[in-house]
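Structure first, commentary second.
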There are 2 protein chains.
Amino acid sequence: METKQDIDVETAASILKLLGDKTRLTMVKIMAEHECCVCEFVALFEMSQPAISQHLRKLKDSGIVKESRKGQWIFYSLNPMHPYYSFVTTIISELPSQQYKLEELEVQGKRISCD
Amino acid sequence: METKQDIDVETAASILKLLGDKTRLTMVKIMAEHECCVCEFVALFEMSQPAISQHLRKLKDSGIVKESRKGQWIFYSLNPMHPYYSFVTTIISELPSQQYKLEELEVQGKRISCD
DNA sequence: TCATCTTATAAGTATATTCTTATATATGCA
DNA sequence: TGCATATATAAGAATATACTTATAAGATGA
């Protein structure tokens, strides 16, 4: 009953390389828990807005992340339609929750929410 | 009853970065199935012996791989004592077996075995 | 429409990565 | 001891990566 798509080593390596960066890996873990907008990431990481934007573009180009505009903000989230979504989530699920980072943002009044 | 050591995002990123190379990822998958000597890797990959040696050194420096000399050969294998061994095997287990590569070597008479 | 806010892109730079070739080191054996 | 085999290290080159600053582009709201 195993229907999970088998990933080839080369594709796996390219995904692992993408995740093999502290900033991107943290981003992906956060996105696995909540969608998140660019300015929140900028507030979370001590890094310029273009740097954040470039990391997000790499993730989006690979397809493991998708974007959706909501008014003036663009929210990013994990893309469950990605052919190797389960490979990504298997890895991500091993990591400790980054929820506390969003809570810190909230305390600082920097959390954007459209709910 | 969960005693598995929690991995921090930064450490995870450094491991993923190591695995995020097609050659190293294939090597690690092979080593998860069998220990393997340097000359076998040289035969398996279309790459110079120093290039193979340098990849193995990165893996050894990180501790996820260990070496053991057997006569004139040095065999490399996954290191089950590594603090994040289970993180590594979780990822590796998602990949298709590379057993066939060793079988190809065998056919060519290039397989080294000390058993 | 204009000003503002949010995000993306461009160009440049410093550093990291992954090879290559040349050479050194370690082991086994005649 | 000396040669052959196996592996590691050194040095250098080409390319990739991850930032920076400056600027452009899209959306909102007065």
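Letters A, B, ... mirror the listed sequences (proteins, then strands); counts begin at 1.
The structure places NZ of B:K60 at 7.5 Å from CD1 of B:I74, a figure rounded to the nearest 0.5 Å.
B:E94 places no side-chain N or O within 3.5 Å of a backbone atom of B:I91 that could act as its donor or acceptor partner. No donor-acceptor pair under 3.5 Å is formed between the side chain of B:Q72 and the backbone N or O of B:K70.
Residues passing the side chain to side chain donor-acceptor pair (under 3.5 Å) test with A:H82: none are found, sequence neighbours excluded. A:K66 is linked by a side chain to side chain donor-acceptor pair (under 3.5 Å) to A:S77, counting only residues two or more places apart in sequence or in another chain.
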Scan nucleotides 27-30 of chain D against the protein and return all N/O pairs shorter than 3.5 Å with their distances rounded to 0.1 Å.
none

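Summarising the geometry, the separation between CH2 on B:W73 and C1' on D:dT5 is reported as 10 Å, rounded to the nearest angstrom. In this structure, A:M47 atom CE and D:dT17 atom P are separated by 16 Å, rounded to whole Å. Atom CD1 of A:I74 is separated from atom P of C:dC5 by 17 Å (rounded to the nearest Å). Across the protein-nucleic acid pair, A:F75 atom CZ and C:dT7 atom C1' stand 13 Å apart, rounded to whole Å. For B:R111 and D:dA6, the CZ to C1' distance is 17 Å, given to the nearest whole Å.
A:F41 has its side chain within reach of A:M31: a pair of non-hydrogen atoms, C-beta onward, lies under 4.5 Å apart. The shortest side-chain heavy-atom distance between B:D21 and B:L25 does not fall under the 4.5 Å cut-off. Contact annotation: the side chain of A:L18 never approaches that of A:I15 to less than 4.5 Å [non-hydrogen atoms, C-beta and beyond]. In this structure the side chain of A:E104 reaches within 4.5 angstrom of the side chain of A:Y100, judged on heavy atoms.
Sorted by first and then second residue, the side chain to side chain donor-acceptor pair (under 3.5 Å) pairs with a member in residues 23-33 of chain B read B:R24-B:H55, B:E33-B:S97; sequence neighbours excluded.
Along DNA chain C, the nucleotide nearest B:E46 and the nucleotide nearest A:K60 are compared for position; the residue whose nucleotide lies closer to the 5' end is A:K60.
Non-hydrogen atoms lying under 4.0 Å from DNA chain D are contributed by A:P50, A:A51, A:Q54, A:H55, A:K58, all within residues 49-58 of chain A. Taken residue by residue, residues 15-29 of chain A places heavy atoms nearer than 4.0 Å to DNA chain D at A:K17, A:D21, A:R24.
Heavy atoms of B:F41 sit nowhere under 4.0 angstrom from any nucleic acid atom.
Between B:Y76 and D:dA8 there is a side-chain N or O to OP1 or OP2 distance below 4.0 Å.
B:E67 and B:R57 are not joined by a salt bridge, as no carboxylate oxygen comes within less than 4.0 angstrom of a charged side-chain nitrogen.
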